[in-house]
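Everything quoted here is computed from the prediction, not taken from an experiment.
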Amino acid sequence: MSGIVGIVHLDGAPVDIPLLQRMTDSLAFRGPDAQRIWAAGPVGFGHALMCVTNDTDHEVQPASLDGRAFEEKIWIVADARVDDRSEIIRKLRAAGREIAVRVPDHELILHAYHVWGSACVDHLVGDFAFAIWDGMQRRLFCARDHFGVKPFYYVQIGKAFIFSNTLDCLRLHPTVSSGLNDLAIADFLLFDFNQDPTTTSFTDIRRLSPAHVLICERGDVSTNRYWTLSVTEPIYKRGQDCVEHFRELMDAAVADRLRTESVALLMSGGLDSATVAASAQGILTRQGSTSGLCAYTEVFDSLIPHKERHYAGMVATALNIPIKFHVSDDFPLFGDANPSSDLPEPAHTVWPNSNPIQFRQIARRSRVALTGMGADPMFSSLLSVHFRQLLQRGYFGRALADAVHYLVTEGRLSRLYVRTRYRRWFPSRSDGPFYPIWLNKDLEKQLGLRERWERFNRVTSLATAVRPVAHAAVVASIWPIMFEGYDSGATHIPLEVRHPFFVLRLATFLLSLPALPWCSDKQLLREAARGVLPNAVRLRRKSPLITDPLISLLRKPESEWVDHFAPVSALERYVLRNRVPKVFNEGESWTAWIHLRPLSLNFWLRRTFGSVIRN
């Protein structure tokens with residue numbers, strides 16, 4: 001994990017080296033092991049290193065492969081982990097490059113650029129954000145990974161181009177204003193996050209979208225998509241063949257994300273994170289060491305009925321790994337909304353959010369944590385669509401066989417989710433989001449917010465996908481935002497959080513599977529866990545929390561203050577404070593959640609700007 005920053009002056013003016021050093025030093029929280037800059041004429045890079053894998057102990061960035069004059073050099077600065085290293089090393093050797101087995105990841109990327117130029121991204125897999133200065137072509141080439149796990153922000157003002165993987169770092173540059181992007185702030189109030197993957201909450205600062213490259217050349221900046229998730233042909237694998245193939249892909253994804261001797265598991269008592277934990281434990285056992293593995297689980301003991309302590313404990317016992325429980329019963333509303341949590345953009349952290357405390361606890365022992373995020377969208381399926389497609393094609397026999405197999409598999413009758421299906425078919429008004437009444441009317445009209453809300457709440461999917469609902473869920477714009485929330489640039493904690501389900505080969509395989517027999521109720525995970533995880537976990541029903549922690553907290557007397565918050569003056573541009581309803585003692589989750597968004601924004605505006613916005 002690294003902090004990266006760069007400045008390129010398109011008019012040839014020299015880089016302000018003290019400024020570059022200050023911006024690099026500001027990244028020390030995410031790269032505490034070394035900070036280093038390189039500058040030559042109009043170009044300068046900065047890098048803050050945190051050693052997280054066995055290959056980074058002697059890593060030095062910014063880096064170049066040759067010792068020729070600056071005009072002919074190619075330099076890189078990267079926050080990157082390259083997966084499937086043996087395959088890309090094989091390709092590079094076939095192209096005539098001399099590559100050591102333990103070459104650092106950033107050097108692999110640089111070799112790939114030397115061989116394939118801008119097409120290097122077609123050969124890279126993993127999580128990465130990097131920039132390459134090509135002195136021979138006088139060109140800056142930047143790229144972000146396929147799913148957007150690593151952030152990349154940039155600014156172009158006049159003849160200056162500045163980039164970083166940390167938003168707050170860019171705000172240190174004197175030419176970058178504090179002006180807010182009104183549409184991004186409105187999106188936060190409507191949807192919890194910005195719907196435009198190319199912008200941020202600040203007018204001057206932009207995002208490079210996932211699976212995109214950026215080229216800055218001869219004063220022009222252009223971006224292009226280099227990859228699109230497209231899965232249109234189903235894969236039919238029989239029984240154990242499918243299970244074994246999944247295990248191989250999952251093990252490869254987890255192994256690429258280990259590469260270190262101490263790893264944390266963000267583990268609930270559910271099947272997704274337990275699958276990742278089982279894979280990690282198996283890999284380390286085969287390598288002869290499991291002492292560096294430890295699970296961390298958030299639990300409620302009294303605030304709400306909660307069974308994660310029981311089920312997560314069963315998983316830890318079965319896998320023989322230590323587990324630490326973090327009890328969140330005593331967290332107040334907005335418990336982490338204080339001046340020490342300097343979030344770079346608004347975030348709706350209402351109910352107990354133990355991540356900052358839990359991450360600090362983990363960081364004292366490990367620098368890498370694995371999650372189970374991604375299984376839900378990749379296994380998404382609608383049985384009604386599955387059976388309708390079969391009947392439309394005249395596959396009556398298969399439809400009957402699928403129905404019978406579905407009902408009799410492993411006591412499925414206890415996991416029909418009748419209530420969930422009924423609520424999906426006959427939703428009540430309280431089962432989903434609604435348009436808020438407290439938006440500033442002038443802004444609402446200026447930005448067309450009601451039409452925007454209606455457009456983004458329409459269900460859309462790729463009709464040609466094997467499972468359209470899964471494809472739409474995986475490519476949803478919320479995932480890069482969630483990844484950025486786990487990133488050190490937001491948490492300010494030196495911990496790299498990795499997500500094994502978001503891997504190209506694994507995602508492509510899972511999205512190629514038909515709904516039955518493998519995806520509905522995540523049957524593939526349940527089969528893969530047979531003999532590995534306890535049956536109580538393997539066959540556990542997937543169900544939401546019995547009681548929403550937010551609703552429980554709103555019933556506590558000490559939460560009454562949320563109805564009486566004083567707005568900062570900057571809030572009135574977006575929210576009519578006197579139209580925000582009271583939420584103390586509110587019983588509907590969506591109602592409480594939506595009407596608390598103005599308070600979240602108020603906290604962020606106060607932390608970021610004080611009482612007024614300075615442009």
Side-chain angles (χ1 to χ4, degrees), residues 26 151 153 155 166-174 176-196 199-207 332-351 353 355-356 435-447 449 452-453 481 484-485 487 489-492 550 559 561-584 592-615:
S26 76
Y153 309 98
V155 173
T166 306
L167 191 150
D168 285 341
C169 177
L170 294 180
R171 296 188 61 216
L172 296 176
H173 196 283
V176 178
S177 80
S178 294
L180 291 181
N181 175 359
D182 287 340
L183 187 57
I185 302 301
D187 274 356
F188 169 75
L189 293 170
L190 288 174
F191 310 105
D192 290 336
F193 63 96
N194 183 2
Q195 295 287 336
D196 186 346
T199 67
T200 71
S201 298
F202 296 91
T203 304
D204 289 345
I205 303 175
R206 299 184 64 83
R207 276 185 175 87
L333 282 173
F334 294 91
D336 62 345
N338 56 63
S340 65
S341 56
D342 295 321
L343 299 173
E345 297 189 87
H348 199 27
T349 53
V350 176
W351 65 295
N353 179 7
N355 278 353
Y435 190 81
I437 61 174
W438 33 254
L439 289 170
N440 181 300
K441 298 305 177 184
D442 292 336
L443 192 72
E444 182 181 49
K445 183 178 180 180
Q446 174 188 340
L447 300 178
L449 295 183
R452 185 176 179 83
W453 184 85
I481 299 297
E484 290 176 17
D487 185 76
T491 68
H492 281 229
L550 172 59
S559 298
W561 67 270
V562 299
D563 289 334
H564 308 289
F565 75 90
V568 297
S569 60
L571 186 68
E572 66 186 18
R573 179 170 178 78
Y574 306 101
V575 173
L576 301 175
R577 173 67 182 91
N578 62 351
R579 299 201 66 184
V580 179
K582 294 183 177 181
V583 294
F584 178 60
W593 183 261
I594 290 172
H595 292 325
L596 283 169
R597 283 176 185 154
L599 180 52
S600 281
L601 179 59
N602 199 64
F603 270 115
W604 183 77
L605 291 171
R606 178 179 294 158
R607 286 197 305 267
T608 307
F609 303 106
S611 60
V612 297
I613 296 179
R614 297 182 296 274
N615 288 311

Any side-chain heavy atom of His173 sitting closer than 4.5 Å to one from Val155?
no
Under the criterion salt bridge (Lys or Arg N to Asp or Glu O under 4.0 Å), I'd like the reasoning laid out for Glu345 against Arg207: C-alpha separation, chi angles, the key distance, then a yes or no.
CA-CA 13 Å; Glu345 297 189 87; Arg207 276 185 175 87; 2.3 Å; yes
Where is the tightest heavy-atom contact between Ile185 and Pro346, given as atom of each residue plus distance?
CD1-CG, 4.0 Å
Counterpart residues, side chain to side chain contact (heavy atoms under 4.5 Å, CB included), relative to Pro344 (two or more places apart)
Leu167, Asp168, Ala490
Return the set of residues passing side chain to side chain contact (heavy atoms under 4.5 Å, CB included) with Ala186 (not counting sequence neighbours), or none when no residue passes.
Leu447, Leu449
Take Phe603 and Phe334, measure what ring-ring contact (aromatic ring centres under 6.0 Å, His included) needs, and give me the verdict at the end.
CA-CA 9 Å; Phe603 270 115; Phe334 294 91; 5.3 Å; yes
Indicate yes or no for a side-chain donor-acceptor contact from Asp487 to the backbone of Pro151 under 3.5 Å, with no hydrogens or angles considered.
no
Approximate separation, where rounding is to 0.5 Å, of Lys441 NZ and Gln446 CD:
14.5 Å
Can you find a heavy atom in the side chain of Tyr435 that is under 4.5 Å from one in the side chain of Ile594?
no
Which distance, rounded to the nearest 0.5 Å, do you find between the CG of Leu189 and the OH of Tyr574?
9.0 Å
Would you mind reporting whether Val575 and Pro567 have side-chain heavy atoms less than 4.5 Å apart?
no
Hydrogens and angles aside, do Asp192 and Trp593 bring a side-chain donor and acceptor to less than 3.5 Å of each other?
yes
Supply the atom-to-atom distance Phe584 CZ to Asp563 CG, rounded to the nearest 0.5 angstrom.
8.0 Å
Side chains of Trp438 and Arg577: does their closest heavy-atom pair fall under 4.5 Å?
no
Contacts of Asp196 that satisfy side chain to side chain contact (heavy atoms under 4.5 Å, CB included) - sequence neighbours left out:
Asn194, Thr198, Thr199
If only atom types and distance count, is the side chain of Ser201 paired as donor or acceptor with the main-chain N or O of Ala184 below 3.5 Å?
no
Heavy-atom distance under 4.5 Å between the side chains of Leu601 and Leu605, does that happen here?
yes
Could you check whether atom CD of Glu572 has more than 12 heavy atoms from other residues, nucleotides or ligands sitting under 6.0 Å from it?
no
Distance, nearest 0.5 Å, that separates CD1 of Ile481 from CD of Gln195
9.0 Å
Heavy-atom side-chain contact between Asn181 and Phe202 under 4.5 Å:
no
Provide the closest heavy-atom pair for Ala566 versus Arg606 in the form atom of the first, atom of the second, distance.
O-NH2, 3.2 Å
Looking only at the side chains, is there a donor atom on one of Arg171 and Ser178 sitting less than 3.5 Å from an acceptor on the other?
yes
Tell me the closest heavy-atom pair linking Gly489 and Thr166, and the distance in Å.
CA-CG2, 4.2 Å
Is it the case that the side chains of Tyr153 and Glu484 hold a donor-acceptor pair, with the cut-off being a distance below 3.5 Å and no angle test?
yes
With distance as the sole test, does Asp187 use its side chain to make a donor-acceptor pair with the main-chain N or O of Phe193 at under 3.5 Å?
no
Could you check if a side-chain atom of Thr491 sits within less than 4.5 angstrom of a side-chain atom of Pro356, using non-hydrogen atoms only?
no
Is any side-chain heavy atom of Phe565 less than 4.5 Å from a side-chain heavy atom of Leu571?
yes
Aromatic ring proximity, centroids under 6.0 angstrom, Trp604 and Phe609:
yes
Point-to-point distance, once rounded to the nearest 0.5 Å, from CZ of Arg206 to OG1 of Thr200:
8.5 Å
Looking at every non-hydrogen atom in both residues, tell me the closest pair between Pro581 and Ile437 and how far apart they are.
CG-CD1, 4.3 Å
dist Thr203:OG1 -> Leu183:CG (nearest 0.5 Å) comes out at 10.5 Å
